[in-house]
S.K.: 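Handing you this structure, nothing more for now.
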Amino acid sequence: MTDLLRAAEPALADRLDEATLRRAPASLVAITRHGRVVAFAAHGEPRRDGAPTTRGTVFRIASMSKSFLSAAALSLRDEGLLDLHAPVTQWVPEVAGARIDGHAVGDRITLSMLMSNSAGLVEDNPWGDDHLGESRAFMRDVVSAGLSLSAQPGSQYQYSNLGQSLIGRAIESVTGRPVEDVIRDRLLAPLGLSATRASADLYPPDADLAHGFRTFDDGDSFAAEPYVGTGALGCIGSMFSTVDDIGSWMHFLSSAFDDGLSGPNSPGPLSAASRREMQVARTLISPAVGQFGDRELDGAGYGYGLVVEHDRRFGRIVQHSGGLPGFSSHMRWHPASGIGVVAFGNSDSFGAGRIAGLMLHDVLRAVDAPAAVVRPWPQTLAAAARVDELLRSGRALQHPQSWADAGELARNVLRDVPAEVRTRRLRTATDEVGVPDADAPPLASRIVCAPDASALRWTVPCATGALVCDLRMVGLTEPIVQTLEVRVAGERGKPRDEADLVTDHHRVAAMEPGAVQ
């Protein structure tokens, strides 16, 4: 925790500069660890009435609400009340008239497509913001009149507020209750998120509630922005919350990945398996969309109510922004370390997503967070130990047939690279780095990384250098070795000329030093 605290305060100071803060009358940014706020910075006056922003100030979280919507749908799916892959017309029949190129395709749209923004409905942020408070009857008539799709259902990413609102209608169809009440009873109340509510009028009159403002001159002046109403589209963006509640929510979702740092999965109203479903990229998001700034990603996509980034250094990062006239919000977390950032501002010019993105990376770099924490199979470790002993004993150099002693090998291993060829290549390598050290430190201390549970990379010290070994198992009832490579090690225990990979930063759970605990 000490290293995290040491990194958190400079990150807050560096990313919340005067130019940023002037764009909102009030802002609140927090760094969290396993759901607890470890550092925060509050700025300004949430109502411009002389009262300062505090850690408990309530801000509108806008489209961050979509994660709660998807979680509610998944909880109903888990009880057999919703089928994510059935046509949504089963619960919202007015979608039947949705069309593309003059052809009705509504019966091809599923809840899964709506939850992952791949139903073919066009991006509609400005229109959705303006219609947030419309009645259910009004929106039913809009949908019944026919929706025009710009892409075939299931074919590409398009962020659709209208499409997400249809998830709410499906939830109401199967429960007979307002979707806001379903979210409260199924998620907010069981998780103790008492400061998170569906609309401003659900808070007491004396609540520390941030008001919304807009600026059109980069913060030189602000105009009050009334709350956009809560109606048929409210389930996609009307919620309010605090940094502590969102920190708890992030941890509840993040803890679904048993990563070796945060301990057992947090119990709660939604299974770990369903929470993981939310955090798996399902619809590819093109970098051209521009929402990722200059971060280096291997890929990104929309899961269920959440955006999933695959960062080139830190691996999986999960996030979602929220924006409405008068508010900018963002939450993001790194499952492998349990570290998250929440950013709120009461102006849509605040840029919460950029601030949170930079801040999380600052902290992750400062604590050298792993990209993932992996627990290798026992069979993976056992096979690595046998190969390691074979190399350090010198038998692999002297007796090609000894490769068969490396343990249970798949049939292809000595066909793909015959034993004689393996020994010849090993001799070439040891001509360069010397013979392996028979008295090398324990294997556990020489593990470089584990790409996943079935694979392991470790080094073998030699007289003037080192070898790097890569082993991968095949997942049969009793896993056996399917590939085995031994090469000269370059820098950082990698084979020479190998490009940087995110798996270089995976750590084996047993080897985790606990530096960021």
Side-chain angles (χ1 to χ4, degrees), residues 35 56-82 84 91-92 111 114-115 132-136 139 161 164-210 227-256 266-272 274-275 277-278 304-306 320 322 324 327 329 331 342 344:
T57 299
V58 176
F59 284 79
R60 198 164 206 178
I61 65 171
S63 285
M64 286 164 54
S65 307
K66 291 180 172 70
S67 61
F68 293 92
L69 178 65
S70 282
L74 284 164
S75 74
L76 292 166
R77 187 280 311 272
D78 290 350
E79 294 179 12
L81 298 175
L82 283 177
L84 300 191
W91 305 282
V92 193
L111 277 174
L114 295 170
M115 290 164 64
L132 201 70
E134 295 288 356
S135 70
R136 284 162 171 74
M139 291 308 304
N161 289 293
Q164 292 269 330
S165 76
L166 298 175
I167 303 165
R169 302 293 80 77
I171 289 173
E172 292 177 341
S173 176
V174 299
T175 63
R177 306 176 64 214
V179 61
E180 294 83 5
D181 292 351
V182 175
I183 290 172
R184 180 196 63 211
D185 294 347
R186 284 181 170 262
L187 299 168
L188 304 183
L191 291 172
L193 305 183
S194 58
T196 304
R197 304 181 188 181
S199 63
D201 59 7
L202 295 175
Y203 292 88
D206 60 347
D208 184 11
L209 201 62
Y227 294 133
V228 179
T230 298
L233 268 67
C235 60
I236 60 91
S238 73
M239 295 176 76
F240 292 72
S241 192
T242 63
V243 291
D244 283 278
D245 268 19
I246 294 301
S248 295
W249 177 240
M250 293 192 303
H251 175 56
F252 175 62
L253 296 175
S254 176
S255 67
S266 292
L270 188 64
S271 71
S274 292
R275 283 178 273 152
E277 283 186 77
M278 296 176 65
Y304 285 154
L306 293 166
H320 209 290
L324 280 172
F327 289 95
S329 62
M331 60 179 178
V342 186
F344 296 152

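Numbering of residues begins at 1 and proceeds along the displayed sequence.
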S.K.: Verify, without hydrogens or angle tests, whether S70 (side chain) and S67 (backbone) share a donor-acceptor contact under 3.5 angstrom.
M.R.: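 Side chain of S70 to backbone of S67, a donor-acceptor pair under 3.5 Å: no, none is there.
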S.K.: How long is the straight-line distance from CZ of R77 back to OG of S274, given to the nearest 0.5 Å?
M.R.: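 Output value for this atom pair is 4.5 Å.
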S.K.: Would a 4.5 Å heavy-atom cut-off, applied to side chains only, mark I167 and Y304 as touching?
M.R.: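 The answer is no; the side chains never approach within 4.5 Å.
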S.K.: Could you measure the distance from the CG atom of L187 to the CG atom of L69? Nearest 0.5 Å is fine.
M.R.: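 Taking CG in L187 and CG in L69, the distance rounds to 10.0 Å.
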S.K.: Is the backbone N or O of V228 less than 3.5 Å from a side-chain atom of R60, with the two atoms forming a donor-acceptor pair by type?
M.R.: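 Side chain of R60 to backbone of V228: a pair is present.
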S.K.: Is there a side-chain contact between V92 and S173 (heavy atoms, below 4.5 Å)?
M.R.: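 With C-beta onward as the side chain, the pair stays apart.
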S.K.: Could you tell me the separation between the CE atom of M115 and the CE atom of M278, rounded to the nearest 0.5 Å?
M.R.: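 Answer rounded to 0.5 Å: 7.5 Å.
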S.K.: Compare all side-chain heavy atoms of T57 with those of F344 and state whether any distance is below 4.5 angstrom.
M.R.: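 SC-SC contact between T57 and F344 ruled out.
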S.K.: Hey, are the side chains of S63 and N161 touching, using non-hydrogen atoms and a 4.5 Å cut-off?
M.R.: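 Yes. Closest side-chain heavy atoms under 4.5 Å.
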S.K.: Are any non-hydrogen side-chain atoms of M64 and W249 less than 4.5 angstrom apart?
M.R.: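 No. Closest side-chain heavy atoms not under 4.5 Å.
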S.K.: Can you find a pair of side-chain heavy atoms, one from L193 and one from S248, that are under 4.5 Å apart?
M.R.: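 They are in contact (side-chain heavy atoms under 4.5 Å apart), so the answer is yes.
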S.K.: Looking at R169 and A232, would you say the former's side chain and the latter's main chain have a donor-acceptor pair under 3.5 Å?
M.R.: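 Looks like yes, one N/O pair under 3.5 Å.
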S.K.: Can you give me the closest heavy-atom contact between A170 and L82, atom names plus distance?
M.R.: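 Closest heavy-atom pair between A170 and L82: O-CD2, 4.3 Å.
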S.K.: Could you go through the side-chain contact (heavy atoms from CB on, under 4.5 Å) check for I246 and F59 one step at a time?
M.R.: CA-CA 11 Å; I246 294 301; F59 284 79; over 6 Å; no
S.K.: Which pair of non-hydrogen atoms, one from T230 and one from A198, has the smallest distance, and what is that distance?
M.R.: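 Of all heavy-atom pairs spanning T230 and A198, the closest is OG1-O, 3.7 Å.
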S.K.: Could you tell me whether the side chain of L306 reaches within less than 4.5 Å of the side chain of M331, counting heavy atoms only?
M.R.: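 Yes. Closest side-chain heavy atoms under 4.5 Å.
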S.K.: Can you classify the ring geometry of F240 versus Y203 as parallel (below 30°), tilted (30 to 60°) or perpendicular (above 60°)?
M.R.: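 Ring orientation of F240 relative to Y203: perpendicular.
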S.K.: Between S238 and C235, is there a donor-acceptor pair closer than 3.5 Å when you use the side chain of the first and the backbone of the second?
M.R.: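 No; judged by distance alone, with no hydrogens or angles, the pair does not exist.
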S.K.: Any pair with a residue in residues 192-209 that passes salt bridge (Lys or Arg N to Asp or Glu O under 4.0 Å), sequence neighbours left out, goes on the list, sorted by first then second residue, please.
M.R.: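 Salt bridge (Lys or Arg N to Asp or Glu O under 4.0 Å) check on residues 192-209 returns R47-D208.
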S.K.: Please list, chain by chain and in numerical order, all residues satisfying salt bridge (Lys or Arg N to Asp or Glu O under 4.0 Å) with R177, sequence neighbours excluded.
M.R.: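 In terms of salt bridge (Lys or Arg N to Asp or Glu O under 4.0 Å), with neighbours along the sequence ignored, R177 is linked to D185.
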S.K.: So how far is it from T175 OG1 to L76 CG, rounded to the nearest 0.5 Å?
M.R.: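 With rounding to 0.5 Å, OG1 (T175) is 6.5 Å from CG (L76).
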S.K.: Within the 4.5 Å heavy-atom criterion, are D244 and V342 side-chain neighbours or not?
M.R.: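 Not touching, per the 4.5 Å side-chain cut-off.
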S.K.: Would a distance-only check, ignoring hydrogens and angles, find a side-chain to backbone donor-acceptor pair under 3.5 Å from R275 to F252?
M.R.: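 Looks like yes, one N/O pair under 3.5 Å.
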S.K.: Counting distance only, does the side-chain N/O of E172 pair as donor-acceptor with the main-chain N or O of V179 below 3.5 Å?
M.R.: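 Checking the backbone N and O of V179 against the side chain of E172, a donor-acceptor pair under 3.5 Å is found.
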S.K.: Rounded to the nearest 0.5 Å, what separates atom CG in L270 from atom CZ in R186?
M.R.: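 Rounded to the nearest 0.5 Å, the CG-CZ separation comes to 10.0 Å.
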S.K.: Can you check whether A189's main-chain N or O pairs, donor with acceptor, with R184's side chain at less than 3.5 Å?
M.R.: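 Here the side-chain-to-backbone pair does not exist.
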S.K.: I need the L111 CG to I171 CD1 distance, nearest 0.5 Å.
M.R.: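 Output value for this atom pair is 8.0 Å.
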